Amino acid sequence: MAKAKKDNSIAVLTDPPKLDPKGMKEPINVLIVGVGGQGVIMVSKVLAQICQNLGYQVKQSEVHGMAKRGGVVFSHVRFGNNVWSPTIPMGKADVLIALEWAEGLRWMNYLRPGTGIFIADTKRIVPPFACRSRILGADIGYSRDTPDDVREKVAEAFALDATEMATKAGNERAANTLLLGALSTTLTFPVEEWKKTIAKMVPPKTVEVNLAVFDQGQYWIDGSRKGEPVEGAAFVPLVQPEINSVRTTLEITDEWCKGCDICVKMCPERCLILNKDQVAELAEPDKCTGCHICEWLCPDFAISINPIIQEAVA
Amino acid sequence: MSSKAEQASPTAIKTGITHQMTGNEAIARGAWEAGVKVAAAYPGTPSTEIMENMAHYPVGDVHAQWSTNEKVALDVAIGASFAGVRAISMMKHVGLNVASDALMSQSYIGVHGGLVLIVCDDPGIHSSQNEQDSRIFGRFAQIPVLEPSDAQEALDFTKVAFDISERFDTPVMVRSTTRISHTRSPVLVSERETPKDLGFNSDVTKNVMVPGHARTRHPIVIDRLERLAEELETSDLNQLELGSSKIGIITASMSYVYVKENLPDASVLKLGLSFPLPKKLIQDFCAKHDRVIVVEELEPVIENEIKSWGLKVEGKEFFPRIGELSPEQVRISFENAGVLEPEVNALGPQFEPLIRPPVLCAGCPHAMSYTAIRSLDVRVAGDIGCYTLAVGDPLTAIDTTVAMGSSIANAVGMYLAGTETKPIVATIGDSTFIHSGIPPLIDAVYNQANITVILLDNHITAMTGGQENPGTGKTLRGEQTHQVNFEEMIRACGVEWIERVDSYDAASMMQTMRESIDYRGVSVLIADRPCVLDPVKIKGPTMSVDAKDCNACQGCMNLGCPALLWSDEWYEGRHVVKIDPTACIGCSVCAQFCPTGAIQPTLVLDQKAAKACPSGV
C-alpha cells in the first residue's frame, strides 16, 4: 500500500483497501460535514439506509440547531455489527466527506491517523464574518490551505469541484450525491444498492440527474486513483490581499457643520460622533477607512477625505 | 438532492421490524402507541420535532397542538388527564422552568389519565441559554424521571412512563438530551393501544389544591415514590451487566453508550430512572465491586444521592460537570481515573478552523430593524429568538438577553433604576411576545415606564424552524384559526403610541423608530415582514453590485447579510462588494444604504449592460 503521487497531483494509495464492516468488531465511521442547506443530513440518511438494508446496525447523529442560520452542520454515521456511541470518537473517522472546503479542514482531526480518507468539495461558502474587517488591505477571513497542504498530512485526499460538476450535469443541489458516489468507492457495498436507495430517497423528478452524478463521483475517484486526468480537479486560490494601498485623512470644517448627525449615523465604521458642541468629530481616527460616505452625504460640504498615496511596499 | 421525497404516513409503517428513527420521532411514536389523546407543546430546540411528528398521526387518534407557552401546554395536558385520557406535553429544559408552577402542584394531585412530560436537555448548549440539568427538577417536583439512552428506549420509556403514571398516580418525566433527540438509530415499532376513556374524576380533595387538601396529598407523594423505588429494585428498566469485580460503573442515559464504547466488557449498572433510585440494587452492586464510578452528564444527581447513603463512589472528580459528554471525553476521564491506559497520537491533522458563527439569513427583516436600532445609540434589552444573533458583529445591537419574554420587564427595570442616560428599548419577536411578553407590557404601562418596545413580527416562530403560533392564524396541523391582532391587543394593554412599519423600508423604519423613542411613555413599534424561510421560502429577483460604481465603503456590510461578500476587486485598498445570487432574495435593503447607487436589481444591470454592448459580446 504505497503512497504515490500522480500527475494530477492527487495523493492516492496504489492498491486501496475497501472498508468492509463484515466480521469486524469495531464499527466503520463516516463523518459528513458542511454548511446548513447543503444536504449533509440527506447524505447521511442515504448512507444509513443502505447500511440498514444490508443488515448492519447503524447510528446517525447530527446537531443542526443553528443549521438554518448558515451555521456548521455535521453528521456522524457509524455502522457495523455493534455500535455504541452515536458520535465518532475524535481520530476514529475512516472517511471524512466535506460538502464545503473549510468545513472539511475544520473536522480533519476526526480522521483516523494513517488510514483516514478525506473527500471534499472544493466549493467555498464564505461566511459574512470572513468579510468583516474593513481596514485597508484586509485579508479575507477564510482558510488559504490548499488540497496540496491536505495531501501531505493524510493517507488519501480527494479534492473535487463537486458543485461545479453537478451544476454542469443540470442540478447544483446534486453535489451531495456526487460525493456519495465518491464515498461509495471506499466501501464494499454493491453499486446497485446505492442507486436503488438514492432513487428511492430523492424527489422523483431528480432521480436521473442524481444517478448520473453518482456515477461521475465514482469515476472521478477511480480515475484519480489510476492517475487519469479528471475534470474538476482545479483549485482556484483566493485572491491575495492588496499591499500597495491608499491612506487617507479626514478633515472636518467645524464652522460649516450644523450637527445634523447624518455622517454619524451612516459611517460604516461608526467612528464619527457629535461632540459637546454638536459638531461632527472623528472620534476614532484609526478606524476610519476613508470610504467617502460622510464626505458625499454631508449636506454642508463640511467633510473632506484626502487620499495620500503610499509607496509600494516590497 | 433534498429530503422531501420520503415522509410516508407514520401509521402506515410496518410494525414488527426496525426503522431508523431519531429520538424525537421515537418519542412521538411511543406516545401514539401508548394511546395518547391530547398532546400540547411550545417549540424549543431540541424538543421541537416531537410535536411536529405528533402532527403526522391521524387527527382521530390524537389532538396535537402548539400552545402559547410551556405552562399553558402542560396545563392543557393536565386538563386532559383530569378528563380521563392519556396526555403528553413536551418542552426543552428551560421550558420546564415556565411550566414548573403547574408541575409542582400537579405532583400532589397526581393523574387520572396518564400524564407524561418530555423534557429535552441541551448539554453543551448547542441552542439554548443555559445547560441546566432537568433531572434536578424531577426530584424537586417529586416525580419519577426516566432516562432513555437511544431511540428504541425513547419509544419504550415513553410507553412505560404512561404505565407508571397511572399505576402510581403521578406525572412522569422522560428526560431526553440533544444527542438522544437528534440521533437516528434502529427502532422496533408496534401497534397503538387504545386505553379506555376514564371520564372526569370529580374528587375535589384530590383535584383542588387548597391547603387542607394539599396537606393530605403530601404524604401520598412521598409514599408513592417509596413504592416505586421498591418496584424498581427488580424492574427490567435497570440493566445489570456483570464483569470483573475490580471496577463497577453506574450510569444512565447517553452516558451508558459512551461507557460501553470505551469499556465494552466492564461491569455496568445502567439505571432506567435517575429518580427515584433502587437503593438495595445499588448497594449490592457497590458491595460486589472494589471501586464504583458513576458516569453521568452535567450534575452529579445520581452520584450525590448514592453518596448520601454513605456508599463510597467516585464520579465528578474525573467526569466534567460542564458540557456534553463524548466518547473521547469519557475515554480521557477513564484515563484520569486510572481505568484506561492513555492513548497516544490518536488524532488526525489539525487545521486552523474557520470562524463560522450562525448569522441572520440573507434578507432577514431583523437585520434592518437592528441596523436602525444600532444607529440610534439606545440601550437594548433583547429576548430569545433568531434576532438574538444581532448581538454579534456587525449589528452589535443587543445589551441583555435573559429568558423568554424577559426583554420588556428588563427594560422597565432599567428605566426605574434611573441611571440610564440612553433611551431604553426592548426588542421581542411575535411568538416570544405571545409566549410571555404580554404581562410585562401591561406592567410597563401600569407602572408608567418610559420605554420603547419593538415587536419584531416575522409572522412565525422562526428560530425553532418555522412553527405556527396564534399570531399566524394557523394551527399545528395547518388549519385556519383566529389570528391575534397585535395592534388591538397592545392597545388593550393601555399603550397609546403604536405604529406598524415595513422592516424593509429603511427610511421610514429609521424615522418611525426615532419618533417612537421620542414619545414619553410606553410606545410600541411593530416591525412587520415575514420570515424569509418559513412558512414559505422567499426568493425574489436578486440584486447585484455594479463593480465600477462600488467605492468599497463597506456600508452595506453593516447589515451582516450573508449574501454580501467581497469580490476579488479592490478600490483604494478596500474590497469591492459582490452579491451572491444564490443567497440574495432581493429585499433591497442594502441598495437603500448604498451611497453610490452601485447596488441595483440584477435585471436593471443586465439591461444596462445589454444596451452598452448590444451584440452581447
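Since this is a predicted model, take the numbers as computed values, not measurements. Quick note on labels: first sequence line is chain A, next is B, and so on, each numbered from 1.
- A salt bridge is absent between B:R179 and A:E62: the closest approach of a Lys/Arg side-chain nitrogen to an acidic carboxylate oxygen does not fall below 4.0 angstrom.
- None of A:I41, A:V77, A:V58 except one satisfies the side chain to side chain contact (heavy atoms under 4.5 Å, CB included) rule with B:R184; the exception is A:I41.
- B:E328 CD to A:S85 OG: the interatomic distance, rounded to the nearest 0.5 Å, is 8.0 Å.
- Under 4.0 Å is where a charged nitrogen must lie from a carboxylate oxygen, and between A:K92 and B:E343 at least one such pair does.
- Of the atoms belonging to B:S255, not a single heavy atom falls under 4.5 Å from chain A.
- The contact between A:T87 and chain B is made by backbone and side chain atoms together, counting heavy-atom distances below 4.5 Å.
- How far SG of A:C131 is from CG of B:L564: 9.0 Å, rounded to the nearest 0.5 Å.
- Looking at A:K59, A:Q52, A:K45 one by one, the single match for side chain to side chain contact (heavy atoms under 4.5 Å, CB included) with B:Q20 turns out to be A:Q52.
- Contact of B:T371 with chain A is not made at all, since no heavy-atom distance falls under 4.5 Å.
- Of the atoms belonging to B:C556, not a single heavy atom falls under 4.5 Å from chain A.
- Residues A:M108 and B:P349 share a closest heavy-atom pair of CB-O, 3.2 Å.
- Applying the ring-ring contact (aromatic ring centres under 6.0 Å, His included) test to A:F74 and every residue at least two apart in sequence or in another chain returns A:H76, A:W107.
- Closest heavy-atom contact between B:P186 and A:Q57: CG-CG, 4.1 Å.
- Although no hydrogens or angles enter the test, the distance criterion places a donor-acceptor pair under 3.5 Å between the side chain of B:R356 and the main chain of A:I125.
- The aromatic ring centroids of A:W84 and B:Y256 lie less than 6.0 Å from each other.
- No other option in A:M266, A:R270, A:R112 has as many heavy-atom pairs under 4.5 Å with chain B as A:R270.
- For the set B:A552, B:S375, B:P353, the entry with the most heavy-atom pairs within less than 4.5 Å of chain A is B:S375.
- In terms of heavy atoms, B:T596 sits closest to A:W296 at CG2-CZ3, 2.8 Å.
- Nearest heavy atom pair, residue A:G91 against residue B:L347, reads N-CD2, 3.8 Å.
- With a 4.5 Å cut-off on non-hydrogen atoms, A:L96 does not touch chain B at all.
- Between B:E261 and A:R78, at least one side-chain nitrogen of the basic residue sits less than 4.0 Å from a carboxylate oxygen of the acidic one, meeting the salt-bridge criterion.
- Few gaps surround CD1 on B:I125; more than 12 heavy atoms of other groups in view lie less than 6.0 Å from it.
- For A:D261 and B:R514, the salt-bridge test passes: some basic side-chain N is under 4.0 Å from an acidic carboxylate O.
- Screening residues 386-395 of chain B for salt bridge (Lys or Arg N to Asp or Glu O under 4.0 Å), with sequence neighbours left out, gives A:R132-B:D393.
- Proximity to chain A is absent for every atom of B:R331, based on heavy atoms less than 4.5 angstrom apart.
- Counting all heavy atoms, side chain and backbone alike, B:F351 lies closest to A:D149 at CZ-O, 4.0 Å.
- With chain B as partner, the option from A:Q60, A:E26, A:R106 having the largest number of non-hydrogen pairs under 4.5 angstrom is A:Q60.
- Within the 4.5 Å cutoff, the side chain of B:H182 has no heavy atoms near those of the A:S61 side chain.
- For A:V150, the parts lying under 4.5 angstrom from a heavy atom of chain B are both the backbone and the side chain.
- Neither the backbone nor the side chain of B:P46 comes within contact range of chain A; no heavy atoms are under 4.5 Å apart.
- Interface check for chain B: of the options A:G141, A:G290, A:S44, the most heavy-atom pairs under 4.5 Å are formed by A:G290.
- No side-chain heavy atom of B:P562 sits under 4.5 Å from any side-chain heavy atom of A:F129.
- Ranked by heavy-atom pairs under 4.5 Å with chain B, the first of A:D145, A:V213, A:N82, A:V207 is A:D145.
- Environment of NZ in B:K537: sparse, with no more than 12 heavy atoms of neighbouring residues, nucleotides or ligands closer than 6.0 Å.
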For this session: Decide yes or no on side chain to side chain contact (heavy atoms under 4.5 Å, CB included) for B:W566 and A:I140, but give the supporting numbers first.
Result: CA-CA 8 Å; B:W566 286 343; A:I140 194 163; 4.1 Å; yes
### Message
Let's go through B:E572 and A:T289 carefully: what are the C-alpha distance in whole Å and the side-chain angles of both, what is the deciding distance for side chain to side chain contact (heavy atoms under 4.5 Å, CB included) to 0.1 Å, and is it a yes or a no?
### Response
CA-CA 9 Å; B:E572 286 189 358; A:T289 65; over 6 Å; no
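- When each of A:P27, A:P89, A:S143 is checked for heavy-atom pairs under 4.5 Å with chain B, A:P89 comes out on top.
- Both the backbone and the side chain of A:Y142 come within contact range of chain B, with heavy atoms under 4.5 Å apart.
- Side chains of A:M90 and B:S326 form no contact here, defined as non-hydrogen atoms less than 4.5 Å apart.
- To the nearest 0.5 Å, atom CG of residue A:D139 and atom NE2 of residue B:H575 are 6.5 Å apart.
- Nearest approach of A:P113 to B:G348, heavy atoms of both residues: CG-N, 4.1 Å.
- Most heavy-atom pairs under 4.5 Å with chain B: of the set A:A138, A:A166, A:G116, this distinction falls to A:A138.
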- Evaluate the criterion side chain to side chain contact (heavy atoms under 4.5 Å, CB included) for residue pair A:I293 and B:C553; output intermediate values, then yes/no. CA-CA 7 Å; A:I293 282 199; B:C553 76; 3.2 Å; yes
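- In this structure, no portion of B:M510 lies under 4.5 Å from any heavy atom of chain A.
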